[in-house]
Amino acid sequence: MREVSIKRNIYGIVGSFTMLAVPFFITLSSGVEGIEDKQSLCPFKMVTGMPCPGCGVTKSIMFLYEGDLWTSLYYHVFGPLVVAAAILAIIVLSLEIYTKKTYLNRVLYNNNLTYVLAASLTVYHLTRLIIFISENNFESILQQSIWA
Amino acid sequence: MNQSIPEFKVDPIIVLVLGFVTCGLYLIYWNMKVAEVLNAVSGNEVISKPIAICSGCCMPVNIYFYYLAGKECLPNVYKRTGDVEKDQSMLLLILGFCFPMVAAMLVQGDINKLYD
């Protein structure tokens, strides 16, 4: 099993905090109105116009901050889970630094959880891709990239 | 020497092409398999597999994944393959941020040397 690495834990905390803070400050500065029409910041979406498995998480978190759970789930089903996981990561990693003990090893290195996550993310993204392609033609996909 | 290391040899170009063509779907599988290989090479659970799954394309998890791969795992791969040990974490971190498929291609290229 892993050992507590203070440097790695700090990176984990910073990453989790960033994940929560970026949507928060975007919501604070420009709000969620008209977010649908704004250019996505995902490099893959910018280049291809197609969504990647993580596309929509930031928007999902922004709507969650606004208290709109359904719109949050519409943008990405895993959005609320990401928020919960990031909060949990900040707490656990901080606790590990403080106590010098590791926690949640059973969860972090659980093969069954890995397969369930992989299968659910694959099915979700595949479904989203099919719906996206059926609802958009080549021109509208191109418009969602930076090439339009 | 390589008996305990799971076999995952794929042409790096295939990783790049499949990553793009499947819109990141392939990277979910690729990350899971690569985490298995890198953990086996390191002899330690450096990269958690559930975290690896989420790092397919999702920022900033993919940045964390490529940082760990470059900083803590690939040096162990170089040790086994006899290559010069180098810290690829910054390169992989930047590529992982901008183009995860390209970073995946580079990591796959290094991993393939384990099976030569």
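No hydrogens, no waters, no symmetry mates; every other heavy atom, side chains included, goes into these values. Residue numbers start from 1 in every chain, and the chains themselves are labelled A, B, ... in the order their sequence lines are given, proteins ahead of strands.
Within a 6.0 Å radius of CD in B:Glu85, other residues, nucleotides and ligands contribute more than 12 heavy atoms. Counted within 6.0 Å of CD on B:Glu7, heavy atoms from surrounding residues, nucleotides or ligands total more than 12; the atom is thus considered enclosed. Surrounding NZ of A:Lys38 are more than 12 heavy atoms belonging to other residues, nucleotides or ligands, all under 6.0 Å away.
Contact count against chain A (heavy-atom pairs under 4.5 Å) is highest for B:Leu68 among B:Leu68, B:Ile63, B:Val61.
When side chains are defined from C-beta on, B:Glu72 counts as touching A:Arg8, because their heavy atoms get closer than 4.5 Å.
A pairwise comparison of heavy atoms in B:Cys23 and A:Pro53 identifies O-CD, 3.3 Å as the closest pair. Nearest heavy-atom pair, B:Phe97 versus A:Pro43, reported as atom, atom and distance to 0.1 Å: O-CG, 3.4 Å.
Residues A:Leu73 and A:Ile87 share a single hydrophobic cluster, defined by chaining ILVMFWY side chains whose heavy atoms lie under 4.5 Å apart. Under the 4.5 Å side-chain heavy-atom criterion for Ile, Leu, Val, Met, Phe, Trp and Tyr, A:Ile133 and B:Leu18 are members of the same hydrophobic cluster. B:Leu25 and A:Val77 fall within a single hydrophobic cluster, where Ile, Leu, Val, Met, Phe, Trp and Tyr side chains are chained together by heavy-atom contacts under 4.5 Å. If you chain together hydrophobic residues whose side chains sit under 4.5 Å apart, B:Phe65 and B:Met90 never meet in one group.
Near-neighbour residues of residues 116-129 of chain A relative to chain B, defined by a heavy atom under 4.5 Å from a heavy atom of that chain, comprise A:Leu117, A:Ala118, A:Leu121, A:Thr122, A:His125, A:Leu126, A:Leu129. Inspection of non-hydrogen atoms places A:Gly15, A:Met19 of residues 14-21 of chain A under 4.5 Å from chain B.
Interface remark: A:Tyr115 contributes side-chain atoms only to the contact with chain B (heavy atom separation under 4.5 Å).
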